[in-house]
Amino acid sequence: MTINPHYARIWQTVQLIPPGKVACYGQIADLAGLPGRARLVGKALGKVPEEGWKNQPVPWFRVINAAGKISFSEASEHFIQQKQLLQDEQVVVLGGRIKLKEFQWQPDLAELLFQLEF
DNA sequence: TAGCTGACTCCAT
DNA sequence: AATGGAGCCAGCT
């Protein structure tokens with residue numbers, strides 16, 4: 001199966017989210033140059049290679065929805081895992097919710113563009 | 001090719 | 001804050 005070039009672009013963008021911060025699907029889509037494709041980001045994260053991408057891990061767990069919540073149902077294993085990984089890096093998760101005002105990644109655009117060139 | 005589906009968003013209530 | 005509905009778009013069958 002061929003890798004959708006959009007997926008690679010999305011993974012690469014997600015790798016720029018610093019530890020302790022989160023971004024939402026739509027935000028990643030925008031930064032990756034794919035405005036309006038938040039759902040594609042979800043698809044791409046579901047296909048992150050086990051071994052990471054370009055020898056770097058893809059921190060899929062730092063991506064949540066625009067409501068500031070984890071997008072899995074609270075009962076699921078995925079939810080438990082994502083919550084745990086976030087809390088491991090000091091992100092406060094209460095009832096699946098994260099305070100975007102406090103934890104949302106706000107990248108410097110110039111720096112971001114520079115990094116994505118490579 | 002046509003539908004279906006969803007790790008989404010926005011807006012009204 | 002929670003819920004429901006419409007809009008959205010591309011991957012997948």
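Remember, it's a predicted structure, so these values are computed and weren't measured experimentally. First the proteins, then the strands, lettered A, B, ... as listed; each starts at 1.
Taking the side chain of A/Arg37 as heavy atoms from C-beta on, and the options B/dC8, C/dC9, C/dG11, the nearest nucleotide is C/dC9. Counting only heavy atoms from C-beta on, A/Lys43 has its side chain closest to C/dG11 among B/dC8, B/dT9, C/dG11. Between C/dA2, B/dA7, B/dG6, one nucleotide has an atom nearer to the side chain of A/Lys69 than all others, and that is C/dA2. Listed nucleotides: B/dA7, C/dC12, B/dC8. Nearest to the side chain of A/Tyr7: C/dC12. The nucleotide whose nearest atom lies closest to any side-chain atom of A/Arg39 is, among B/dA7, C/dC8, C/dG11, C/dC8. For A/Ala66, counting side-chain heavy atoms from C-beta on, the closest listed nucleotide (C/dC8, B/dA7, B/dC10) is B/dC10.
A/Gln15 contributes a side-chain N or O that, together with a main-chain N or O of A/Gln56, makes up a donor-acceptor pair within less than 3.5 Å. Counting only distance, with no hydrogens or angles, the side chain of A/Gln82 and the backbone of A/Phe61 share a donor-acceptor pair below 3.5 Å. Looking only at distances, no side-chain donor or acceptor of A/Glu89 sits under 3.5 Å from a matching main-chain atom of A/Arg62. Distance alone, capped at 3.5 Å, places no donor-acceptor pair between the A/Arg97 side chain and the A/Lys69 backbone.
Taking side-chain N and O atoms only, A/Asn65 has no distance below 4.0 Å to OP1 or OP2 of B/dA7.
Between A/Arg97 and A/Leu40, the residue anchored closer to the 5' end of DNA chain C is A/Arg97, taking for each the nucleotide with the nearest heavy atom.
Rounded to an integer number of Å, the gap from CH2 of A/Trp60 to P of B/dC8 is 13 Å. Here the P atom of nucleotide B/dG6 and the CG atom of A/Leu45 are 17 Å apart, to the nearest Å. Counting to the nearest Å, the C1' atom of B/dC8 and the CD1 atom of A/Ile70 are 16 Å from each other.
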